[in-house]
Amino acid sequence: MNKVRAAITAIGGWVPETVLSNADLEKMVDTNDEWIISRTGIKERRILKGPDRGTSEIGINAVRQILEKRNLSPLDIDLVIVGTVTPDYFFPSTSNLICDQLGLKNAWGYDLAAACSGFLYALSTGAQFIETGRCKKVIVVGSDKMSSIIDYEDRATCVIFGDGGGAVLLEPDDSGVGIIDFVLKADGSGGQHLNMKGGGSRNPSNHETVDKKMHFVHQEGQAVFKHAVTNMADVSAEIMERNNLKSEDIAYLLAHQANKRIIDATASRMGLSSEKVLMNIERYGNTTSGTIPLLMTDYEHLFRKGDNIVFSAFGGGFTWGAIYLKWAYDPK
Ligand code: UT7
């Protein structure tokens, strides 16, 4: 009998309705469409606007799609892991909120923070519960409402990030498809270059932290860019070597959508031609934990059973990694 692997058997993705275009940003900060497109590849992003709306709403919409597509009872789900750095609250967890809203009464779950690598960390973790046999149906969500922690007076960050995300269903499979391998890495010394220092236990929110804008993302773009280009390319090459994959064996690369130039550098190191490198950064920007599930949703129609797919990401922490999987189903 083949090894039992965690296979992605259904996916869902969701973005909020409000569009924030480069033209809109030109009216808010000293920037321009040409700069944003040439430096990042982004044309517009989505914003979850309105009171009392949080990251759980993105997850709820994505998970609901999965339940509907597969005609599942909410009671069938065993575990929900949510990758996010913008939870609705410190607690209850976003996972608790999603399970409650959708009636997933048999599921337990938790949130996991690994910034832009959050979905890969969460997916690898969820896969362990399937491989060990502890769970039969695990949902992994990657979603972020980045607009809640972005300073729309800081042109270094506000042009990059957006809101959105998605979810996948993991089920056991012993036919050879599913998650084959992952390589995950972390280097906490990178935290100085990309962080949000306010609101946690070291600097609890108060007038001073708010006056100092410590509740917003701080990013030193060039330092992060340098590490991202090297590490995302290295880890993607490493997962190919470990699994004896040549560039022609890979059907698609789904890389974290932070910057088109970082994705191009990774693809070039992997020797991939452009049609294998999927992108939607121009429409959604960087949705942190949300980018890879959103990409999967946009391009699901291309994937065939048995396709070799590589996910790759780099983000705050620093955290980074790659996952190699064989796609588990043909388009409906
Ligand atoms: O997903 C999590 C991980 N994050 C990332 O992977 C992000 C990695 N970093 C990046 O993607 C890029 O560093 C940025 C897109 C953030 C910035 O691009 P860059 O090519 O590294 O620009 P830069 O920071 O070196 O700035 C170049 C110039 C500067 O002007 P001077 O000093 O040359 O006159 C900036 O002040 O561009 C200026 N600039 C802008 N100009 C117009 C910075 N932001 C903007 C802006 N619009 N929004």
Side-chain angles (χ1 to χ4, degrees), residues 20-45 83-86 113-122 142-147 149-165 184-196 216-236 254-267 269 279-282 284-295 311-322:
L20 181 67
S21 68
N22 290 352
D24 296 329
L25 284 162
E26 283 177 2
K27 294 178 203 139
M28 297 159 68
V29 289
D30 179 15
T31 192
N32 59 79
D33 183 52
E34 194 278 327
W35 190 96
I36 302 172
I37 292 178
S38 64
R39 299 289 177 129
T40 70
I42 303 166
K43 293 181 179 160
E44 59 185 42
R45 64 291 290 141
T84 186
V85 287
T86 53
C116 297
S117 310
F119 182 71
L120 298 195
Y121 272 49
S143 80
D144 270 300
K145 180 187 172 184
M146 292 306 291
S147 62
I149 54 170
I150 291 300
D151 176 5
Y152 285 93
E153 293 180 347
D154 176 12
R155 69 177 184 173
T157 51
C158 73
V159 303
I160 299 168
F161 292 98
D163 303 340
L184 297 174
K185 312 231 180 195
D187 175 5
S189 70
Q192 58 183 309
H193 303 300
L194 179 52
N195 54 56
M196 190 183 91
F216 291 134
V217 171
H218 163 78
Q219 174 167 265
E220 291 153 22
Q222 278 190 16
V224 179
F225 185 88
K226 260 188 236 158
H227 285 90
V229 163
T230 310
N231 288 319
M232 223 163 97
D234 281 355
V235 80
S236 305
L254 282 76
H256 170 54
Q257 307 283 294
N259 187 317
K260 185 176 180 305
R261 291 181 290 149
I262 299 172
I263 302 166
D264 286 341
T266 301
R269 176 77 176 279
M279 287 198 219
N280 59 7
I281 190 170
E282 69 282 0
Y284 305 137
N286 182 348
T287 55
T288 302
S289 306
T291 59
I292 291 175
L294 268 180
L295 256 188
F311 297 158
S312 185
F314 180 90
F318 292 142
T319 57
W320 67 102

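Whatever order the structure lists them in is the order used to number ligands and atoms, beginning at 1. Because the structure is predicted, anything quoted here is derived from the model rather than measured. Both backbone and side-chain heavy atoms feed into the values below; hydrogens, waters and symmetry mates do not.
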### Summary
In ligand 1, the atoms that come under 4.0 Å of a heavy atom of Q222 are 13 (O), 21 (O), 23 (P), 25 (O)

### Query
Given the protein's heavy atoms, is any one of them under 4.0 Å from atom 34 (O) of ligand 1?
no

### Task
Answer whether the closest heavy-atom distance between the side chains of L120 and L184 falls below 4.5 Å.
yes

### Message
Can a donor-acceptor pair be found, under 3.5 Å and without considering hydrogens, that links the side chain of D144 to the backbone of S289?
### Response
yes

### Atom indices of ligand 1 within 4.0 angstrom of N259 heavy atoms, with elements
10 (C), 11 (O), 12 (C), 15 (C)

### Query
Is it the side chain (CB and beyond), the backbone, both or neither of I160 that lies under 4.0 Å from ligand 1, heavy atoms counted?
side chain

### Message
I'd like to check which ligand 1 atoms, numbered from 1 as shown, lie under 4.0 Å from a non-hydrogen atom of R261.
### Response
18 (O), 19 (P), 20 (O)

### Message
Using a 4.0 Å cutoff against the non-hydrogen atoms of N286, which atoms of ligand 1 qualify?
### Response
1 (O), 2 (C)

### Task
State whether any protein heavy atom lies less than 4.0 Å from atom 29 (C) of ligand 1.
no

## Note on the structure
Here the atoms of ligand 1 under 4.0 Å from any heavy atom belonging to R39 are 19 (P), 20 (O), 22 (O), 27 (C)

### Query
Taking T288 for the side chain and A115 for the main chain, is one N or O donor matched with an acceptor at less than 3.5 Å?
no

## Note on the structure
among protein heavy atoms, the one nearest atom 5 (C) of ligand 1 is V224 CG1, 3.6 Å

### Query
How far is atom 4 (N) of ligand 1 from its nearest protein heavy atom, and which residue and atom name does that atom have?
Q219 OE1, 3.2 Å

### Message
Could you check whether any side-chain heavy atom of M279 comes within less than 4.5 Å of a side-chain heavy atom of I263, counting everything from C-beta outward?
### Response
yes

### side-chain hydrogen bond (donor to acceptor under 3.5 Å, both in side chains) partner of H193, chosen from Q222, H227, E220
E220

### Query
Going by the order shown, which atoms of ligand 1 are within less than 4.0 Å of some heavy atom of V159?
48 (N)

### Task
Record the part of T288 in heavy-atom contact with ligand 1 below 4.0 Å; permitted values are side chain, backbone, both and neither.
neither

### Task
Can you spot which of I160, T157, V217 makes a side-chain contact (heavy atoms from CB on, under 4.5 Å) with M146?
V217

### Query
Does any N or O in the side chain of D187 come within less than 3.5 Å of the main-chain N or O of G317, such that one atom is a donor and the other an acceptor?
no

### Query
Got the closest protein heavy atom to atom 2 (C) of ligand 1, with its distance?
C116 SG, 3.0 Å

### Summary
Honestly, for W35 the part within reach of ligand 1 (heavy atoms, under 4.0 Å) is side chain

### Minimum-distance protein heavy atom relative to atom 38 (C) of ligand 1
R155 NH2, 3.6 Å

### Query
Under 4.0 Å between a Lys/Arg side-chain N and an Asp/Glu carboxylate O for R269 and D234?
yes

### Query
For atom 47 (N) of ligand 1, what is the nearest protein heavy atom, given as residue, atom name and distance?
T31 OG1, 2.6 Å

### Query
Is a salt bridge present between D163 and R45, judged by a nitrogen-to-oxygen distance below 4.0 Å?
no

### Task
Could you verify whether a donor N or O on one side chain and an acceptor N or O on the other, from S236 and S312, lie under 3.5 Å apart?
yes

### Shortest protein contact, atom 15 (C) of ligand 1 (heavy atom only)
T40 CG2, 3.5 Å

